[in-house]
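Side-chain atoms are counted along with the backbone in the values below, which use heavy atoms only and exclude waters and symmetry mates. Not measured: the values here are computed from a predicted model.
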Amino acid sequence: MPRPFRFGVNMLTLDTGPAWREKCRRAEELGYDVLLVPDHLGWPSPFPALVAAAEATERPRVGTFVLNAGFWNPALLAREVATTDALTGGRLELGLGTGYVKAEHDAAGLPFGTPGQRVDHLERTVTELDRLLGDPEHLPRAAQRPRPPLLIGGNGPRMLRLAARHAEIAAFTGARQAPGRPEGTLELLPAEKVAASVAAYQEYAADRAEPAELNILVQRVLVTDDRRAAAREFAAHAVGVDEEQALEVPTLLIGTPAQMADQLREHRERYGFSYITVLDPFLEAFAPVVEELKGS
């Protein structure tokens, strides 16, 4: 049997405390399962935002999507994770990645390093978090034992192997830095490249005792009665995929809510994606799809 769908929303902007709490309550009302916060300079600070989200709601879990490991010392991160998990009543899911925007590291006065060095640091961070949070003497204590569920996001072979070894949730971005474009500008990977990443992950994860949940970040939710016209218009913006590819990639949902629900069922069958994350500008547009697929 396929794993049931779960739906998360990545919350990108914070105006005021009351507006933040109202947005979180609205996401809960619409049926979202996880309220998520990314980790970029200029955006909300993840851990206090998640504590506020949990206090404003009752049912959804909360999570980082994803922390830039290069911003964090593992011991200090363990303190933040344990405190947040305790304050949210064990609702935290910890998402980790390497980070990909050098300008943010420069602004913070932190080394960026090579891709290999960033993965090395992430691996050390995961190992230390397992050690620290798994220690019954560690203070503060996380509510979940031995630690909150871990999500690792990435596409490269080392990241996929790391996720296969350590993560309860493997997240696939389905995007990469756009060649020749400003740093932090992403382009979508075509469906066959996403499928290749998933296949590589499944090979690395073949010996796991329990299969991980697979997550995909949907970059756009385009509600329309004309899928092809919307795909053509989207592809015209140099996003890494052409019109035909835009109709297939799992990082785009295009069509009516019923058509989008069918796309997600197909993506779950093809790739194994059952945990679907959308960005908060699409909170309302995606809600009818959440309603249709809830519990399936």
Side-chain angles (χ1 to χ4, degrees), residues 3 6-12 33-40 43 46-47 50 61-72 74 77 81 92-102 104-105 112-113 115-127 129-130 147-177 184-189 193-202 204-205 208 211-219 240 249-252 267 271-280:
R3 188 187 290 263
R6 281 204 308 159
F7 300 101
V9 56
N10 211 19
M11 315 274 269
L12 309 181
D33 301 291
V34 195
L35 308 179
L36 300 158
V37 178
D39 189 18
H40 291 285
W43 295 10
F47 291 112
L50 293 177
R61 295 180 67 80
V62 297
T64 56
F65 197 87
V66 292
L67 289 185
N68 178 349
F71 286 171
W72 297 92
L77 179 56
V81 169
L92 179 66
E93 297 179 0
L94 177 63
L96 292 174
T98 61
Y100 61 91
V101 183
K102 182 177 183 296
E104 294 185 355
H105 288 248
F112 187 59
Q117 288 170 333
R118 295 198 298 277
V119 178
D120 287 343
H121 177 70
L122 175 59
E123 189 161 12
R124 286 193 298 272
T125 299
V126 170
T127 300
L129 288 175
D130 279 347
R147 58 156 171 72
L150 177 63
L151 175 152
I152 293 179
N155 284 316
R158 285 191 64 195
M159 290 293 290
L160 296 173
R161 285 194 292 267
L162 186 62
R165 289 197 305 272
H166 294 281
E168 285 75 39
I169 306 164
F172 297 80
T173 61
R176 63 185 173 194
Q177 169 66 40
T185 303
L186 301 179
E187 67 176 19
L188 301 186
L189 296 173
K193 289 191 177 294
V194 178
S197 291
V198 173
Y201 168 82
Q202 296 291 11
Y204 300 141
R208 288 180 62 102
E213 188 176 32
L214 302 191
N215 170 278
I216 187 69
L217 173 60
V218 174
Q219 299 285 345
V249 292
T251 44
L252 291 177
H267 297 163
Y271 307 98
F273 297 141
S274 60
Y275 178 7
I276 313 300
T277 301
V278 299
L279 304 174
D280 69 356

Stepwise side-chain contact (heavy atoms from CB on, under 4.5 Å) test for L96 and V66: CA-CA 5 Å; L96 292 174; V66 292; 5.5 Å; no
Any donor-acceptor pair under 3.5 Å linking the side chain of N68 with the backbone of D39? no
Would you say Q219 and L188 make side-chain contact, with heavy atoms under 4.5 Å? yes
Interatomic distance, L50 atom CG to M11 atom CE [nearest 0.5 angstrom]: 9.5 Å
Taking H166 for the side chain and L150 for the main chain, is one N or O donor matched with an acceptor at less than 3.5 Å? no
On a heavy-atom basis, which atom in P38 and which in P46 lie closest, and how many Å separate them? O-CG, 3.3 Å
For L92 and P148, work out which heavy atoms get closest and say how close. O-CB, 3.4 Å
Interatomic distance, CG@L160 vs CZ@R158, rounded to 0.5 Å, equals 12.0 Å
Note: V194 and G174 closest approach over all heavy atoms is CG2-CA, 4.1 Å
Apply the side chain to side chain contact (heavy atoms under 4.5 Å, CB included) test between Y275 and each candidate in I216, L214, V34; give the one that qualifies. V34
Below 4.5 Å, heavy atoms only, C-beta onward: do I169 and R6 meet side chain to side chain? yes
Looking only at non-hydrogen atoms, find the nearest pair between L77 and L129 and report the distance. CD2-CD1, 3.9 Å
Ring centres under 6.0 angstrom apart (H40, F71): no
In Å, rounded to the nearest 0.5 Å, how long is the span from CZ of F112 to NE2 of H121? 12.5 Å
Dump the intermediate steps for side-chain hydrogen bond (donor to acceptor under 3.5 Å, both in side chains) on T173 and N155, then the final yes or no. CA-CA 7 Å; T173 61; N155 284 316; 2.8 Å; yes
Measure up the F273 and Y271 rings against each other and bin them: parallel (under 30°), tilted (30 to 60°), perpendicular (over 60°). parallel
Should the pair R161-E123 be classified as a salt bridge under the 4.0 Å nitrogen-to-oxygen rule? no
Measuring from atom CG of L36 to atom CZ of R61, what distance do you get when rounded to the nearest 0.5 angstrom? 11.0 Å
Indicate the atoms forming the closest heavy-atom contact of A163 with A170, along with that distance. CB-CB, 4.3 Å
What class does the angle between the rings of Y201 and F172 fall in, given that below 30° is parallel, 30 to 60° is tilted and above 60° is perpendicular? perpendicular
Is a side-chain donor or acceptor of R176 paired with a backbone partner of L189 at a separation under 3.5 angstrom? no
Atom OG1 in T98, atom CD in Q117: separation rounded to 0.5 Å? 12.0 Å
Would you say the side chain of L67 lies within less than 4.5 Å of the side chain of F47, judging by non-hydrogen atoms? yes
Search all heavy atoms of G95 against all heavy atoms of T64 and return the closest pair with its distance. N-OG1, 2.8 Å
How long is the span from the OG1 atom in T277 to the CZ atom in F65, to the nearest 0.5 Å? 4.0 Å
